Amino acid sequence: MIDIKKFREDADFFKQKWAARGLDVDVNEILAWDTEWRESTVKVEDLKSQRNVASKQIGIMKKNGEDATSAMDAVRDLGEQIKELDSKAAELSNKVSSKLLSLPNPPSEFTPVGTTEEDNPEVRRWGTKAEFDFTPQAHWDLGQKLDILDLPRAAKISGSGFYLWKGAGARLERALINFFLDQNTENGYKETWVPFVVNPKAMTGTGQLPKFSEEIYHATEDNLYLVPTAEVPVTNIHADEILDAKDLPIAYTAYTPCFRREAGAAGKDSRGILRVHQFSKVEMVKFVEPSTSYTELEMLLADAEHLLQQLGLHYRVIELCSGDLGFSAARCYDIEVWAPGTDRYLEVSSCSNFEDFQSRRCKIRYKGDKEKKAELVHTLNGSGLALPRCIVALMETYQRADGSIEVPDVLVPYMGGLTEITAEG
RNA sequence: GGAAGAGUGGUCGAGUGGUUUAAGGCGUCGGUCUUGAAAACCGAAGAGGGUGCAAGUCCUCCGUGAGUUCGAAUCUCACCUCUUCCGCCA
């Protein structure tokens, strides 16, 4: 959520920022509601002040044994007015805040302006595309022939968009989760284990609600949501808290499954396990002092990149332009890994700075040593990393002519010493 | 799931209808004293919002939301969370 005070001062600034995202926002409407709210607030607070004084008087009169009937009648009338004005003010305030909750974060000053993903500039590349003296296969063929990936049976159990690993495939999923968690811990992120099901307040705090209810699984009986990313529970760890400035930056890492309905995405890039309803992901989340958030973003990105480097996978980093930026982010980098069989770059990480957009919604603040007021922290997060597409890249990059797969050195210990995945198991 | 009890500031804890402007302890910060520290003593300090150039001033906040009342931390109702006991259970 944006800062209403800044919005009052310069609504045009926000209008332009939202326009850079392709949104035409009627800022005057919001300003009018806000002005009206402030006017009613001034009135109602004055009435309340009068009532407080009069009530105190009544108390004193009663204590002295005087008759307070007429004074009580007068204040009763005040009470009626207060009630009426109060509900009017509450209505206006709700209008403003529900509107603001549905508006995205303004892109940062660094964010390139653009309309679609075509406009996302490439930041850098690491490594080169793997070369083969045979035609590399896609992971869905490799997985089936090696009998480690069973999509038909996953569909039988749950429907399309779910995956099922067997044998070395299942082991590979577990190995990567552990490898990522270990690496992130080494890089200073504290490992956490969080709920996979969260309440509406947490979902609103990070920005999934109220706008994207169609994208998330909702257990209506209990009004709880399956997490679409660990970002939600992990960021909310410090909701409604005032942190000590000397504890910042705080960095966490967490593994969770991620559940996404992917409404309307059927058919698009959905072959194999490229886009699924449930996938594993290890996430990194930071709470930082505002002045440091953009250097922290670069560090977060470097940490995520390092994971792919150790796996020896070629990737590129792109920066999202204003039109392609996610709802809550002010600036965002995507890391895309090369998958030779699929013949595409696949997004495996999004590293974002949310500035104070989430911390304002979640009320995550920090306080310095002296008389300084509590200020909102900046929050950041990035995948480190999303599993299925990493496995796709691994399988397709390390495949051999006979369809077997070589296990990269760093994963061998996590695979119980297994150095290759073959059809013989 | 059932029963009982409880939720007050950074923390512990008093307050059960009216100068509560939320006591007091601990912790924190500043000062006095000291070579320095500790101890002791003195003092300061919550959050959000409105208004104002400012000093200031006003409103709201005692788990959450409604209600009763001239007036609610205090009374009523609903919900949430925690504790204990019982039941069920990996």
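Letters A, B, ... are given to chains in the order of the sequence lines, protein chains preceding strands, and every chain is numbered from 1. Predicted, not measured: the structure shown is a model, and the values here were computed from it.
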Worksheet item: Distance-only, no hydrogens or angles: does the A:E396 side chain make a donor-acceptor pair with backbone N or O of A:A393 under 3.5 Å?
Response: no
Worksheet item: With respect to the phosphate group of B:G48, does any side-chain polar atom (N or O) of A:R365 fall under 4.0 Å of OP1 or OP2?
Response: yes
Worksheet item: How far, in whole Å, is B:G17 from B:U74 if one measures between their P atoms?
Response: 11 Å
Worksheet, complete the sentence: Whole-Å distance, A:E241 CD to B:U11 C1', equals 14 Å
Worksheet item: Rounded to whole angstroms, how far apart are CG on A:D244 and C1' on B:A45?
Response: 15 Å
Discussion item. Work out how far the C1' atom of B:C70 is from that of B:A4, and round it to whole angstrom.
Written reply: 37 Å
Practice prompt. Name the residue closer to the 5' end of RNA chain B, choosing between A:A71 and A:I60 according to the nucleotide with the nearest heavy atom.
Written response: A:I60
Fill in: Trace of the side-chain contact (heavy atoms from CB on, under 4.5 Å) decision for A:Q399 with A:E406
CA-CA 6 Å; A:Q399 64 180 295; A:E406 185 188 340; over 6 Å; no
Item to complete: Rounded off to whole Å, could you give me the OH-to-P distance for the A:Y366 and B:A47 pair?
Response: 14 Å
Practice prompt. Answer yes if the ring centres of A:F110 and A:Y294 are under 6.0 angstrom apart, and no otherwise.
Written response: yes
Practice prompt. Apply side-chain hydrogen bond (donor to acceptor under 3.5 Å, both in side chains) to the pair A:Q208 and A:T206, showing each step before the final yes or no.
Written response: CA-CA 6 Å; A:Q208 281 72 21; A:T206 36; 2.7 Å; yes
Worksheet entry | Inter-nucleotide P distance (B:A14, B:G24), Å rounded | 15 Å
Worksheet entry | A:S404: side-chain contact (heavy atoms from CB on, under 4.5 Å) partners, not counting sequence neighbours | A:R400, A:D402, A:T422
Worksheet item: Between A:K363 and A:E241, is there a side-chain N and carboxylate O pair less than 4.0 Å apart?
Response: no
Worksheet item: Nearest of B:G18, B:G71, B:A47 to any side-chain atom of A:R51?
Response: B:G71
Practice prompt. Considering only atom C1', compute the distance from B:A72 to B:C33 and round it to an integer number of Å.
Written response: 47 Å
Discussion item. Can you check the distance between B:G52 and B:G67, where both ends of the measurement are the P atom (answer in whole Å)?
Written reply: 31 Å
Worksheet entry | With A:K48 via side-chain contact (heavy atoms from CB on, under 4.5 Å) - residues at least two apart | A:V44, A:R51, A:I82, A:D86
Worksheet item: Crowded around A:Q144 CD? As in, over 12 foreign heavy atoms under 6.0 Å?
Response: no
Worksheet item: What about A:Y414 and A:F179, are their ring centers closer than 6.0 Å?
Response: yes
Item to complete: Mind listing the residues from residues 218-226 of chain A sitting with a heavy atom below 4.0 Å of RNA chain B? Number order is fine.
Response: none
Worksheet item: Below 4.0 angstrom from OP1 or OP2 of B:C80, is there any side-chain N or O of A:K201?
Response: no
Kindly list each side-chain donor-acceptor pair under 3.5 angstrom involving residues 69-81 of chain A, sequence neighbours excluded, with atom names and distances?
from  : atom 1 : to    : atom 2 : distance (Å)
A:T69 : OG1    : A:D67 : OD1    : 2.5
A:D73 : OD1    : A:R76 : NH1    : 2.9

Worksheet item: Quick check, are the ring centers of A:H378 and A:F357 under 6.0 angstrom apart?
Response: no
Fill in: B:A47 phosphate, OP1 or OP2, under 4.0 Å from A:K367 side-chain N/O
yes
Response to the item:
Once base and sugar-phosphate atoms are separated, protein heavy atoms under 4.0 Å mark nucleotides 49-58 of chain B, 5' to 3', with B, S and - as BSS------B
Worksheet item: Taking CZ from A:R360 and P from B:A47, how many angstroms apart are they, rounded to a whole number?
Response: 17 Å
Response to the item:
Stems for RNA chain B (at least 3 consecutive Watson-Crick or G-U pairs, under 3.5 Å) come to B:1-7 with B:80-86, B:10-12 with B:24-26, B:28-32 with B:40-44, B:46-51 with B:56-61, B:63-67 with B:75-79
Fill in: Atom-to-atom span, NZ of A:K62 to C1' of B:G71 - whole angstrom
10 Å
Discussion item. Counting the benzene-type ring for Trp, do A:F259 and A:F196 have ring centres under 6.0 Å apart?
Written reply: no
Practice prompt. In whole angstrom, give me the gap between the P atoms of B:A39 and B:U28.
Written response: 9 Å
